[in-house]
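Notes follow once the structure below has been shown.
Only heavy atoms go into these numbers, but all of them, side chains included; no hydrogens, no water, no symmetry mates.
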Amino acid sequence: MRYIMKQNRTDLGRVVGANLKRLIKESEYRTQARFAEAYFVDERTVRRWVSQGVEKVYIIDELADFFKVDRMSLLSEREEVSPFYRTFRVLTLFQNICYNSYRQRRFIEN
């Protein structure tokens, strides 16, 4: 079960990476280097996000705020994907987030 959750999270992270690449190209920055400079991160970090994906929710939220888009637009795949499948993938991501926060809280309490 853990492998499946990790796999789904990784897939969604890569979707975010692909959408980040698209947003950078469509924005005023045009290149990952210029975006990294404007976002105050290392260029290697941006390259890693684009190629390997973004799995941390707070980074996804910050990127959505930076580009002034909805978080769901970063998590959404191409429009050809059925809405049911897209909703399933997003719900799986949030299920994983809730599970991980529960595990952290339980670890801190013990």
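To the nearest 0.5 Å, the span separating CG on D70 from CG on D65 amounts to 10.0 Å. To the nearest 0.5 Å, atoms CG (L20) and CD (Q32) are separated by 7.5 Å. Here the CG atom belonging to L75 is positioned 8.0 Å from the CG atom belonging to N19, to the nearest 0.5 angstrom. Atoms CH2 and CD1, from W49 and I60 in turn, are 10.5 Å apart once rounded to the nearest 0.5 Å.
Remark: E37 CD is loosely packed, at most 12 non-hydrogen atoms of other residues, nucleotides or ligands lying under 6.0 Å away.
For D61 (side chain) and R71 (main-chain N/O), no donor-acceptor pair under 3.5 Å exists by modelled atom type.
Within the 4.5 Å cutoff, the side chain of V41 has heavy atoms near those of the V46 side chain. Using a 4.5 Å heavy-atom threshold, the side chains of L63 and V69 count as separate. Looking at F67 and I24, their side chains come closer than 4.5 Å, going by heavy atoms from C-beta outward.
With ring centers used as reference points, F66 lies under 6.0 Å from F35.
Counting only residues at least two apart or in different chains, salt bridge (Lys or Arg N to Asp or Glu O under 4.0 Å) contacts with residues 23-35 comprise R22-E26.
Nearest approach of E43 to A36, heavy atoms of both residues: CA-CB, 3.7 Å.
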